[in-house]
Every structure is written in structure tokens, then in C-alpha cells.
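Input: a single structure, listed below in C-alpha cells.
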Amino acid sequence: MLPRARFDHSAFSPMSVVTRFAPSPTGYLHIGGARTALFNWLYARKMGGKYLLRIEDTDRARSTPEAIEAIIDGLDWLGLQHDGEITYQFERAPRHREAAEAMIARGTAFRCYMTAEEQEAERAKSHEEGRAIRSPYRDGKAPPSPDAPFTVRLRAPDEGDVLNVDLIQGDVRIKARDIDDLVLLRADGNPTYMLSVVVDDHDMGVTHVIRGDDHLTNAARQIVIYRALDWTPPLFAHVSLIHGEDGKKLSKRHGAQAVHEWRDMGYLPEAMNAYLMRLGWSPGHDDILSKEEAISQFDIAQIGKAPSRLDFKKLDSVNAHFMALADDERLAKLVLTHIEQRDGATLGGAERVALANAIPLLKKRAKTIPDLADQAAFVLVKRPLVLDDKAKSLMKDDFRQRLQRLRDRLTKEPAWDHVSLGAALKAFATDEGVGLGQIGPGLRAALTGGLPAPDLGQALELLGRDEALARIADQI
RNA sequence: GGGCCCUUCGUCUAUCGGUUAGGACGCCUGGUUUUCAACCAGGAAAGAGGGGUUCGACUCCCCUAGGGCCUGCCA
């Protein structure tokens, strides 16, 4: 194999780049599809070109409107806006038929009258002989009857090589004779995927096809079809697939595969983008990039060839990074929705305010939205608090008396902010002749019942004077 | 069966023939300490195996092993 091809940006007029994402609407937006879309989007933006969206719905039996909606929603959530109108492939079937006719006219395709049984027999035979499928009708054999049903097949070449100078995988060369006499038009006259992609990519002016590695061998087939049509093929870039944490192909066993599931688990779209783009792509040194940063640094030549695995721990830390950066109001909304859905209840006005106040501080400590909700739980619990065992064990009589003294002191505290409160706590410990260690855990227990909470001064501030004092009083 | 692709710490990756093979996440240890987290300091951790080519190979070539994709009138 030759050294991997490096893409020379300067060789291309920037405006000429057209990429596309072409999902088939038979399910939700898969995680791998999301990354593919992201790469296409990034490259088009980088080159000042266009990123198009095409729905490959030529399989009428399996395509559903729900799936189309799910995919568009997913892309929308990730902020991968496409240029122009969405192309629905099935609507273009007449154009695909036209192309097939043109191929027949050129002698690069033909009508094939094989029955399902004959077809099966040829498949078995070719498999056994280790060669590609060939139709007996490829050289103009007469139809069995004038009105016999037929498919249109590619007349695959028998000589020569097909070379795909893949932008990621390098030169991939196969022998033309290893390509089947592919079905281009089904017996019902509808095009197959193999024909549709070629015609649509050509008509849409696609210059760079960035897609999953599962299409690598299809590239050779498609190049042959381009030639059969006397068209110039686009440049291909095949990205390796994403595997589960165990290295196996992603499946239901691995849990979430769809982007909406990640959304529901409390990940932020910017985190998903940042995480996904680094699966297979590395700009060199930056580990976490925004989409904007990625646009300026993106380069197809920097995409690796090896498949990568999902790592939830890494995703968590990337998400934590973006949580800390996220807008407070946005997070408050997300957390509120999460809590209400989780508990099946609506939060009151005071609770919403308490929650909103806690976000700016707590967001730095949370990995995901549910995690943030857990971090904020202590401001939402209702008095009297139910103490967990550890907290309960701290409430001895002599400590209660100390709590009483602390409460008296805090009551007189003029400013209820964490700086003053923290100082007050230290001063109190000094007066009591003990370290903070003799006071902190118990106070914390009284304030939170054992739930996680930030620094005590901060916790007191977030709770507010009345609520904090009341929680302390409850334990005396 | 046939064709094709892949292989650096546990994971994501840097390295484009000469590095003590670097970083990030995770992990371990220590520090801070009022829970959890965060934070700070330190640490363990990698070129699948075997042949070549070369003064020199993670980097180039071949073989083996392992993984993957395609081989549909699915996409």
C-alpha cells in the first residue's frame, strides 16, 4: 500500500467543496451516524463549502416518517445545520431510472430476467467458486418471454483494477472482476441504493463522500457505476466504525446507541460533539474543542484508520467540562425538567429559585444533568430533614448544645454570604476551643441530612438564612 | 468460500526513520479537608508476534495472529 494520501487544501477552490450526510430512515440517529454527520459538517465549514442532507428512503418497506423525524431532531440537537433543502431520495426515482436507461444505452447495464430461483442458484455457485455474480443476460441473451419481469443490472467489467484513492484509508485497489453484476433497478422499477447514491451524489455536486468504513468496498462498486455513466467520482473518505467499550460492534447490549438516549442521560450537545469528533480525529494537542475551534483545525488527513471504542468515563469528563461552562439559566431549565420528570411532580416557585441560585456554584461539580440534580438535592429537601445513619450518629446531646450555641451566633450574623459565614464558622470553632472538624460534619448533617453539598459557608448561603437556621433548630 | 480494511498505555490519541515513545480520561499514592466533588503533587501503564530493508524502525516491506467490513431486488 502506498503512503496514505494527504489532502492538499490548496489544490481545491474552497467554494467547490460539497459534503453530505445520507442516513437511511430505518431507525434513530445512531452515534456513528452522528459522528459521520459531524465530520461532513466540519469539513464543509472548514472549506467554506456546503454540507447537504439526504434521506435515503428508497427502501419503502423499512423507511418511516418517525425515523426521519428522529434523525432530523438528533442532528438539530447537535447543531449540525445542513445547507439547502433536504433531498428525499425516493422522490428522485425517475431520475435514477433515467440513469439506468442511459447505462443500458451505453452498454454498461442490461436487463436481467433471472428468476429468484436462478438468482439464488447463481449466488450459491459464485460463492462456491469464489467469484463475483454474473448474469447470463449480460451479453444480450433473449428474454424467456416478451413480458417477463426484469431487473436492470450493472454489466461489471471483467478487466482492470478499480482504485479508490481514499482520503483516510489510502489507496484501496480491487480487481474489477470481483464486482458483481449489481442490481441497479429492482423488478418493480425502483432503484437500489447502489444506483441512487451515485446518481444523487453526482447531481448534488458532492465532492467529498465522508462516511462509515462499512461502505469501503461499496466505493469500488460505485466508482464502476460512475464510470459506466461516464461521470467523475467524488473523493471518498472512509471513517472507521465506533465500537462498544468491549471493542465489539455496537449493539443493544452496549446500552445507548442513539443520540437521543445520550440527551436523556443528561449529556450536553456540545459535549457530545466534542467527544465524538475526537473519536478517530486528532488535531494534535487539544483534547476538548468547541465546534468552532474544530472547524479551524479540522483536516480529513488527521482522521485515523483504526476503529475506536466508546468510553463513558471520558464522555463524563468532557461533559463536566462543558457543564462548568454552560449558561446558568439553560442548566437550570434542564435540571428542572429532569427533576420534574424523575419525580413526576412540579416544583414550586421557591424551590425553583433555590435551584436556580445553586446552579452557578454546583455546575462546576457535576458531570451530567442528573448528577447536577443530585448535587442540588440538598437545597430542595423539605424540613424536617430525614437524617441518614451517619448524620444521625453525629447528633449527640453535647453536640446539640454546641449547635444551639452556633445557631445563636449565626442568628446574629449580619451578612449572609459565604465569605462572612465561613469566617463566622472559624471564629466559632476558636471560641469553642476546637477545630472545625468538631463542628463541620455535624453542622453539615443538620443542614443536609447527609446529602452531598459544597463548602459549609456556601451551603449556608445557598440555603438562605431562614431555611438554614430552621434546619439547625430542627436538630437541637 | 471470495474481496477489502484495521492493530501505540485499560480507553481516546501524538509520533510522518534517530524522542527517556508525549498528552488526555480512568486508575493508584500523597496533600488540602467540613461530606461528596473539585483542586494540587507524584506514580504505574503502550508500539500484537515473527521476519526483513536500513548505520538506525512504532514509523517502510512481507508473513502470522487477532479484530472488522462487504459479498441483499437493505442502506
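Numbered from 1 within each chain, the chains take letters A, B, ... in sequence-line order.
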Distance check, P atoms only: B:rC61 and B:rC73, in whole angstrom units. 36 Å
At 4.0 Å (heavy atoms only), tell me whether A:T58 reaches a base, stays on the sugar-phosphate, or touches nothing. sugar-phosphate
Need one value for A:L185: base, sugar-phosphate or nothing, where a base atom within 4.0 Å counts as base even if backbone is also close, heavy atoms only. nothing
Ion pair present between A:E122 and A:R131, side-chain N to carboxylate O less than 4.0 angstrom? yes
What integer number of Å spans the P atoms of B:rU71 and B:rC58? 39 Å
Which nucleotide in B:rC6, B:rC12, B:rC4 has an atom nearest any side-chain atom of A:P307: B:rC6
What distance, rounded to whole Å, do you find between the two P atoms, one in B:rG47 and one in B:rC12? 16 Å
Which whole-number value in Å describes the distance from A:D200 CG to B:rA75 P? 12 Å
Mind checking who B:rC58 pairs with, Watson-Crick or G-U wobble, both distances under 3.5 Å? none
Atom NE2 of A:H243 and atom P of B:rU11 are separated, to the nearest Å, by 13 Å
What nucleic acid atoms does A:D59 come within less than 4.0 Å of, heavy atoms only: base, sugar-phosphate, or nothing? sugar-phosphate
5'-most contact on RNA chain B (nearest-nucleotide basis), A:R153 vs A:D311, goes to A:D311
How about A:V209 and A:H238: do any of their side-chain heavy atoms sit closer than 4.5 Å? no
So, does A:R173 get its side chain near the phosphate of B:rG3, meaning an N or O under 4.0 Å from OP1 or OP2? no
Can you check whether A:F378 reaches A:P454 side chain to side chain, under 4.5 Å on heavy atoms? yes
In terms of side-chain heavy atoms of A:T192, which of B:rA14, B:rA75, B:rG72 is nearest? B:rA75
Should A:Q297 and A:L289 be marked as a side-chain contact (heavy atoms from CB on, under 4.5 Å) after you check the CA-CA gap, both sets of side-chain angles, and the distance that decides it? CA-CA 10 Å; A:Q297 298 187 41; A:L289 300 92; 3.6 Å; yes
Base, sugar-phosphate or nothing for A:T217? Non-hydrogen atoms, less than 4.0 Å. base
Would you measure the distance from the C1' atom in B:rU29 across to the matching atom in B:rA21 and give it in whole Å? 25 Å
Would you say B:rC25 has OP1 or OP2 under 4.0 Å from some side-chain N or O of A:K313? no
In the structure I gave you, are the side-chain heavy atoms of A:E66 and A:E69 within less than 4.5 Å of one another anywhere? no
Are the side chains of A:Y137 and A:D181 in touch, meaning some heavy atoms are under 4.5 Å apart? no
Under 4.0 Å, counting only non-hydrogen atoms across every strand here, what does A:T151 touch: a base, just sugar-phosphate, or nothing? base
Short side-chain N/O contact to B:rA24 OP1/OP2 from A:S317, under 4.0 Å: no
Return no unless some side-chain N or O of A:R186 is found under 4.0 Å from OP1 or OP2 of B:rA75. yes
What does A:L436 touch in the nucleic acid at a heavy-atom separation under 4.0 angstrom: a base, only the sugar-phosphate, or nothing? base
Tell me what A:A187 touches on the nucleic acid: a base, only sugar-phosphate, or nothing, going by heavy atoms under 4.0 Å. base
Can you find an N or O donor on one side and an acceptor on the other, under 3.5 Å apart, linking the side chain of A:R278 with the base of B:rC12? no
Could you identify the nucleotide paired to B:rU7, looking across every strand shown and requiring Watson-Crick or G-U wobble geometry with both distances under 3.5 Å? B:rA65
Distance between C1' atoms of B:rA57 and B:rU19 (Å, rounded): 13 Å
Base, sugar-phosphate alone, or nothing: which one does A:L456 contact when heavy atoms must sit under 4.0 Å apart? base
If I pick the P atom on B:rU8 and the same atom on B:rA14, what distance separates them, to the nearest angstrom? 10 Å
Is any side-chain heavy atom of A:D171 less than 4.5 Å from a side-chain heavy atom of A:N164? no
Contact letters for nucleotides 36-47 of chain B, in which S counts primed atoms plus P, OP1 and OP2 and B counts the base, heavy atoms under 4.0 Å: BBS---------
Sugar-phosphate only, base, or nothing, as touched by A:R62 at under 4.0 Å among non-hydrogen atoms: base
Once you apply a heavy-atom cut-off of 4.0 Å, does A:H238 come out as touching a base, just sugar-phosphate, or nothing? nothing
Toward the 5' end of RNA chain B, by each residue's nearest nucleotide, A:R123 or A:L315: A:L315
Are any non-hydrogen side-chain atoms of A:L310 and A:Y275 less than 4.5 angstrom apart? yes
So which nucleotide from B:rC5, B:rG72, B:rG23 ends up closest to the side chain of A:D287? B:rG23
Using the P atom as the reference point in each nucleotide, state the distance between B:rG72 and B:rG2 in Å, no decimals. 16 Å
Any base atoms under 4.0 Å from A:L425, or only sugar-phosphate, or nothing? Heavy atoms, all strands. nothing
Whether the side chain of A:R123 engages the backbone of A:E118 through a donor-acceptor N/O pair (distance < 3.5 Å, no angle test) should be reported. no
Which whole number of Å gives the distance between the P atom of B:rA44 and that of B:rA24? 15 Å
Applying the 3.5 Å cut-off to both distances, the Watson-Crick or G-U partner of B:rA46 turns out to be none
Could you tell me the separation between the CZ atom of A:R35 and the P atom of B:rC12, rounded to a whole number of Å? 11 Å
Looking at A:H208 versus A:F39, is the centre-to-centre ring distance below 6.0 Å? no
Base, sugar-phosphate, or nothing for A:E129, non-hydrogen atoms under 4.0 angstrom? nothing
Does any nucleotide pair with B:rU15 by Watson-Crick or G-U wobble geometry, both distances under 3.5 Å, and what is it? none
Geometric cation-pi criterion, A:R409 with A:F428: 6.0 Å, 45°: no
Going by purine N1 to pyrimidine N3 plus the second Watson-Crick contact, or the G-U wobble pair, all under 3.5 Å, which nucleotide sits opposite B:rG30? B:rC40
